[in-house]
Structures are given as C-alpha cells and as structure tokens.
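Any value given below was found using the heavy atoms of this structure, including those in side chains, with hydrogens, waters and symmetry copies removed.
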Amino acid sequence: LMTRYFTTEKILETWTLAEQNGINTTLMRADPHIMEHYQKFTRQRGSKLQWIAQSAPEQGDPAENAKRARDHGAIGIYLHGNVSDNFVKQGKAEEIGRILNGFRAAGLMAGVGAHLLATIQGSELAKLDPDFYMFTINRMNYYSSSPAEIAAFMKNIKKPWVGFKVLGAGRDKPLEGFQHAFEKGADFIAVGMFDWQVRDDTAHVQEMLSKGLTRDRAWA
C-alpha cells in the first residue's frame, strides 16, 4: 500500500511541502531508490533540501555506501541503529569507530544510530567522538530505553542529538510525542510523515518552540 501511494510524483510533492513549511533537512536510507529520487528532486526542482543518510546494511561496506550517498548529495550519514546496538552488545564498540572513520574519509558528517541507551553509553565510553547521535526517544517503550534514564545520561552529552521514533510508530499523538522528545533533551526530531501531515506537524513544532520548553539539557 505504501509503495503504491508513494509514487515518484507523490514523493517529490511531499518533499516540496516539507520545504515550504520550513523543513531544511531530510533523513533517509542510503539505497538506490532514495538516491534516484533525491537527485531527481534537487535537479528538477532546484531544491536545497539537505539529506542525512542512514547506512543501508544490505548495500555492503558502510564506507562504500557513504561514498555513494555523498555522490548523490548527502551531507552526513549515520550507522544503522541495529548495527550499532549489536556491536555494543558484542563488546565491539571499536568497530563503530572504524566505520565512523570510513564515513569521515568520504567527507561526510558521521553519526551513530541507536535504539538502546547502552549503545550511547558504550560509544561515549569508547570515546568514538561521532558528529551526532541518532537516538530513539518516546513515551511508548517502542524500541526505546527508559525516558528518565535517557534524559539523565544525555543531559551531559554535548553532541547534537536527533531523536527518532518519537511517536512510537504512530502510538502517540504528535503534539505530546514531539514535546516529550524535546523536553527529554533531543535537539532535533526525525518524523515520518505523509504529505497531508506535514503542515500540521511543522506548525506544532514551531508553536511549542516559540512558547518555550522545559528541559534540563542545553541545546546542542
């Protein structure tokens, strides 16, 4: 159903709506389908929408995946959260560091994706020094650690934090989920949206930021 709905024209229309409503960056997989459509969007419509890529494990070597993303316009890339989680579980955080070096060698910002707080803790303990973290935060216990524990640890992390799965795959309402992510310390949120959700979702964020948020963590 998703692939039938998101035709090429619908994808380009959704990105156009995002730009019109103040979104300047998209986060998408580094796979051929995305690369083809993103390049078409920037070339045909003169878009300035920035792209941060998620490494795509099925595409092979992450460093080569990063080079292909770079060649198709990406400004950064982060290691897929499941991959990072598994490396830390296996006591191999240094492997994440090796991959980050490959991302940087491609000339891109290099990030660590994670679903578990232990992955962020392991990355910090190993002094991997990523450019940013892509880390889940939600109220629904969906691929996420305890929000209170996350907030307590991330309070002292200086790296930019992009929160994702903030609505628990649609289990939470946008207004509540967005506010929760920001109040727990996320600097940015990555939200999957249909075209008809873009305007309302961006308006929610603009309104809550204009009113101010209660958070302990300084904005990165």
Met28 with Phe41, same ILVMFWY side-chain cluster at under 4.5 Å: yes
Kindly list each side-chain donor-acceptor pair under 3.5 angstrom involving residues 56-66, sequence neighbours excluded, with atom names and distances?
| unit_1 | atom_1 | unit_2 | atom_2 | d |
| --- | --- | --- | --- | --- |
| Glu58 | OE1 | Arg29 | NH2 | 2.7 |
| Glu58 | OE2 | Arg29 | NH1 | 3.3 |
| Glu58 | OE2 | Arg29 | NH2 | 3.2 |
| Asp61 | OD1 | Ala63 | N | 3.2 |
| Glu64 | OE2 | Lys67 | NZ | 3.1 |
| Asn65 | OD1 | Ala56 | N | 2.8 |
| Asn65 | ND2 | Ala30 | O | 2.9 |

Under the side chain to side chain donor-acceptor pair (under 3.5 Å) test, which residues partner Glu94, sequence neighbours left out? none
For Lys127, side chain to side chain donor-acceptor pair (under 3.5 Å) partners two or more places apart: none
I need the minimum non-hydrogen distance between Asp195 and Lys10, along with the two atoms involved. OD2-NZ, 3.0 Å
Backbone N/O of Tyr143 and side chain of Thr136: donor-acceptor pair under 3.5 Å: yes
Would you list the atom pairs, donor with acceptor, under 3.5 Å between side chains in residues 153-167 and any protein atom, with sequence neighbours excluded?
| unit_1 | atom_1 | unit_2 | atom_2 | d |
| --- | --- | --- | --- | --- |
| Lys159 | NZ | Asp129 | OD1 | 2.5 |
| Lys159 | NZ | Pro130 | O | 3.1 |
| Trp161 | NE1 | Phe135 | O | 3.1 |

Exam field: side chain Thr119 to backbone Ala114, donor-acceptor pair closer than 3.5 Å: no
Pairwise distance CD(Gln206) to CE(Met208) - rounded to 0.5 angstrom: 11.0 Å
Can you confirm whether Arg45 is buried at CZ, in the sense that more than 12 heavy atoms of other residues, nucleotides or ligands lie under 6.0 Å from that atom? yes
Thr14 side, atom OG1; Glu19 side, atom CD - distance, nearest 0.5 Å: 12.5 Å
In terms of heavy-atom contacts, Ala186 and Trp219 come closest through O-CZ3, 3.6 Å
Begin with the C-alpha distance, continue with both residues' side-chain angles, and end with the deciding distance and a verdict on side chain to side chain donor-acceptor pair (under 3.5 Å) for Gln50 and Thr26. CA-CA 6 Å; Gln50 300 175 118; Thr26 180; over 6 Å; no
Salt bridge (charged side-chain N to carboxylate O under 4.0 Å, His left out) contacts in which one or both residues fall within residues 101-120, not counting sequence neighbours: Arg104-Asp131
Using the salt bridge (charged side-chain N to carboxylate O under 4.0 Å, His left out) rule, collect all pairs that involve residues 207-216, keeping only residues at least two apart or in two chains. Asp187-Arg215, Glu207-Lys211
Please determine whether side-chain contact (heavy atoms from CB on, under 4.5 Å) holds for the pair Ser146 and Asn141, giving the CA-CA distance in whole Å, both sets of side-chain angles, and the decisive distance to 0.1 Å. CA-CA 7 Å; Ser146 158; Asn141 196 32; over 6 Å; no
Cluster check Tyr142, Met134: I/L/V/M/F/W/Y, side chain < 4.5 angstrom: no
Partner residues of Phe194 under the ring pair (Phe, Tyr, Trp, His ring centres under 6.0 Å) criterion, sequence neighbours left out: Tyr5, Phe6, Trp196
Under 3.5 Å, side-chain donor or acceptor atoms of residues 168-183 against the rest of the protein: list the pairs with distances, not counting sequence neighbours.
| unit_1 | atom_1 | unit_2 | atom_2 | d |
| --- | --- | --- | --- | --- |
| Arg171 | NH1 | Gly168 | O | 2.8 |
| Asp172 | OD1 | Arg139 | NH2 | 2.8 |
| Asp172 | OD2 | Arg139 | NE | 2.8 |
| Asp172 | OD2 | Arg139 | NH2 | 3.2 |
| Gln179 | NE2 | Glu183 | OE2 | 2.9 |

Taking distance alone, no hydrogens or angles, what donor-acceptor pairs closer than 3.5 Å link side-chain atoms of residues 72-82 to residues at least two apart or in another chain?
| unit_1 | atom_1 | unit_2 | atom_2 | d |
| --- | --- | --- | --- | --- |
| His72 | ND1 | Arg68 | O | 2.8 |
| His80 | ND1 | Asn82 | N | 3.1 |
| Asn82 | OD1 | His115 | ND1 | 3.4 |

When you group the ILVMFWY residues by side-chain heavy-atom contacts below 4.5 Å and let the links chain together, are Leu108 and Tyr133 in the same group? yes
Could you tell me if the side chain of Phe87 sits less than 4.5 Å from the side chain of Val112, heavy atoms only? no
Could you state whether Phe132 and Val83 fall into the same hydrophobic cluster, counting links through intermediate Ile, Leu, Val, Met, Phe, Trp or Tyr residues with side-chain heavy atoms under 4.5 angstrom apart? no
Decide whether Val205 and Ile23 are clustered together by the hydrophobic rule: side chain heavy atoms of Ile, Leu, Val, Met, Phe, Trp, Tyr closer than 4.5 Å, transitively. yes
What distance separates Ile96 CD1 from Asn86 CG, expressed to the nearest 0.5 Å? 9.5 Å
Separation between OG1 (Thr7) and CD (Glu13), nearest 0.5 Å, reads 8.0 Å
Quick one: CG on Leu100 to OG on Ser123, what's the gap to the nearest 0.5 Å? 8.0 Å
Residues which pass side chain to side chain donor-acceptor pair (under 3.5 Å) with Gln44, listed by chain and number, not counting sequence neighbours: none
Please enumerate all residues that pass side chain to side chain donor-acceptor pair (under 3.5 Å) together with Asp200, with sequence neighbours excluded. none
How long is the gap from CD1 on Ile150 to CD1 on Ile137, to the nearest 0.5 Å? 4.0 Å
Table please: side-chain donor-acceptor pairs of residues 32-40 below 3.5 Å, with sequence neighbours left out.
| unit_1 | atom_1 | unit_2 | atom_2 | d |
| --- | --- | --- | --- | --- |
| His37 | ND1 | His33 | O | 2.9 |
| His37 | NE2 | Thr8 | OG1 | 2.8 |
| Tyr38 | OH | Leu49 | O | 2.5 |

